[in-house]
J.: 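Right, I'll just put the structure down here and ask away after.
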Amino acid sequence: MGFDLRARTTVSAVSRTPRDGPSVLTINAGSSSIRFAIYRIGGVPRRLLAGSLDAMGSKHPTLSFAEPDGAMQAASPLAAGDQRATIRRLLYWLESQPAYHTVSVVGHRIVCGTNDTEPRPITATLLKELRRLASYDADHLPQQIALIDEVARRRPEVRQVACFDSAFHRTMPRVAKLLPIPRRYSAGVERYGFHGLSYAYLMEALRRIDPAAAKGRVILAHLGSGASMAAVHRGKSVDTSMGLTPTSGLVMSTRPGDLDPGLVYYLARAKHVTAARFQRMVNHESGLLGVSGTSADLRELLAREARDERAADAVALFCYQAKKWIGSFAAVLGGVETLVFAGGIGENAALIRQRICAGLGFLGIELDRRRNNRHAPLISPDVGRVAVRIIHTDEDFMIAKSAIRILVKRAR
């Protein structure tokens, strides 16, 4: 039986949250999951509620949420349904939470190619633009638009703000944005880059930890089910691994990263793979899952690599590709002074960090094994030429800050 979203949670500290004071709801929609959080507005945003809706589109979607103190509630099954029905169930559950009724602005992570460098209030004009861009990222953007539409239908008085994941990379030089295709196809087609909200947070954190380092040559590695890297100089993005869409760059859980473009024609001719089938393959069936044939989860692959050659291949490819991107970005930057690991893999997989950094001593990248194994904030030796750090990223916090900034600006 599916979880009844009409039933209020009785054990949650969220139900004891005071109702006074406005708050912001952040919505971070992926291809098969939605992360959400509510932050109190005033001073540094304070989180009141956080959770996620996972396995959307499957027979067993689940909802989980965290107490204000960070204690996670067990995932509860939801009734299966299409995208719109699942979104409605999520919003219905949120409406049962007292904190939701203090929401005065909703911030959405928008994963698409735009030239926006700042968050924007969501208007009819912007929505029309986003619908036009849906083909750039058919795996994320339609769901994000559906969430905007549903929030507007249920809470028309609430302002909504678009926080663009590509905004961080708008500082890249023209040469880093160009795609070498005929000019007649190039209008609006360029390397946009993604994970920008994560990178913006990491750079803010680095400025607090080491202001001088944040002004230097930095490589940021956001390694999770979606994975990318960014080269940052003097606080500005100068290159990134993802391009026009989030399928490019590094090998990821179910995405292949960069592919030979000739593969499209080969698969169409030899295997009768249609454009729609190819799109599904590069978003949901490739990467670690495709190479291993068994799992997209790097933890499972590490546990099996000693006895499963295909699992070992997947792990080795992930580390090899990451090492190559670090080397290429060191070339772009003219050296590297700080390397930051973030994301679920980057923050928690000591063995993967060790394998990625192995052999990069010629760049000055070395790890302190003990620090790395205990996931210390600094995992390089004190005397190392390159500071290698682990920084916990927080895209939701950046969405909250951006939405609040827009709200305050419009109130003036």
Side-chain angles (χ1 to χ4, degrees), residues 168-169 172-173 175-176 191 193-196 198-199 202-203 205-206 209-210 213-243 246 248-253 255-258 287-288 298 302 314-369 371-372 375-381 384-393:
F168 181 80
H169 302 295
M172 292 195 310
V175 69
R191 298 184 65 248
F194 302 92
H195 287 143
S198 173
Y199 292 139
L202 294 175
M203 288 307 298
L206 185 59
I209 296 166
D210 189 341
K215 297 176 183 177
R217 295 172 172 84
V218 181
I219 296 176
L220 304 173
H222 177 111
L223 305 181
S225 57
S228 71
M229 291 190 190
V232 180
H233 190 214
R234 296 176 181 169
K236 305 294 185 182
S237 174
V238 296
D239 207 343
T240 189
S241 57
M242 285 180 172
S248 58
L250 285 81
V251 174
M252 296 169 246
S253 290
R255 302 176 203 154
D258 289 345
L288 298 177
L298 196 55
L302 280 170
V315 174
L317 183 59
F318 183 88
C319 297
Y320 175 74
Q321 290 274 325
K323 189 192 302 282
K324 278 177 52 175
W325 278 101
I326 290 172
S328 69
F329 282 166
V332 167
L333 292 167
V336 57
E337 294 153 342
T338 304
L339 170 62
V340 176
F341 285 100
I345 296 170
E347 295 169 28
N348 300 301
L351 184 58
I352 296 300
R353 293 192 300 262
Q354 176 187 319
R355 292 182 183 179
I356 289 172
C357 293
L360 294 181
F362 70 100
L363 292 176
I365 296 174
E366 296 179 1
L367 298 186
D368 180 299
R369 186 178 292 272
R371 289 177 175 178
N372 184 49
H375 312 294
L378 179 69
I379 58 175
S380 54
R385 284 164 46 202
V386 175
V388 185
R389 298 185 179 277
I390 300 171
I391 300 178
H392 172 69
T393 193

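Along the sequence shown, residues carry numbers from 1.
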J.: Considering only heavy atoms from C-beta outward, does the side chain of His375 approach that of His392 to under 4.5 Å?
T.: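 No - every pair of side-chain heavy atoms lies 4.5 Å or more apart.
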
J.: If every non-hydrogen atom of Ser198 is compared with every non-hydrogen atom of His222, which pair is closest and at what distance?
T.: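 Minimum heavy-atom contact is OG-ND1, 2.8 Å.
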
J.: For atom NZ of Lys215, decide whether the heavy atoms of other residues, nucleotides or ligands shown that lie under 6.0 angstrom number more than 12.
T.: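 For Lys215, atom NZ is not crowded (no more than 12 foreign heavy atoms under 6.0 Å).
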
J.: Looking only at non-hydrogen atoms, find the nearest pair between Ala342 and Ile391 and report the distance.
T.: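 Here Ala342 and Ile391 meet closest at CB-O, 3.3 Å.
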
J.: Is it the case that the side chain of Arg353 and the backbone of Asn372 share a donor-acceptor pair, with hydrogens and angles ignored and the cut-off at 3.5 Å?
T.: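 Yes; judged by distance alone, with no hydrogens or angles, the pair exists.
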
J.: For residues Glu337 and Arg217, report the shortest heavy-atom separation together with the two atoms involved.
T.: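 Taking Glu337 first and Arg217 second, the nearest heavy atoms are OE1-N, 2.7 Å.
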
J.: Are Leu363 and Val386 close enough that some pair of their side-chain heavy atoms sits under 4.5 Å apart?
T.: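 A side-chain contact is absent here, since even the closest heavy-atom pair is not under 4.5 Å.
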
J.: Could you report the tightest heavy-atom contact between Ser228 and Phe194, atom names first, then the distance?
T.: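 Looks like OG-O, 4.3 Å.
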
J.: Does any non-hydrogen side-chain atom of Leu220 lie less than 4.5 Å from one of His195?
T.: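 When only atoms from C-beta onward are counted, Leu220 and His195 do not touch, as no gap falls below 4.5 Å.
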
J.: Which pair of heavy atoms, one from Arg389 and one from Asp210, lies closest together, and at what distance?
T.: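 Taking every non-hydrogen atom into account, NH2-OD2, 4.1 Å.
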
J.: Quick one, Leu378 and Ile209 - any side-chain contact, counting heavy atoms below 4.5 Å?
T.: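 Answer no - side chains too far apart.
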
J.: Per the side chain to side chain contact (heavy atoms under 4.5 Å, CB included) rule, which among Val175, Val232, Ile219, Val332 passes with Asp239?
T.: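 When side chain to side chain contact (heavy atoms under 4.5 Å, CB included) is applied between Asp239 and each of Val175, Val232, Ile219, Val332, only Val332 qualifies.
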
J.: So, Asp258 side chain and Gly249 main chain: donor-acceptor pair closer than 3.5 Å or not?
T.: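 Confirmed, Asp258 side chain pairs with Gly249 backbone.
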
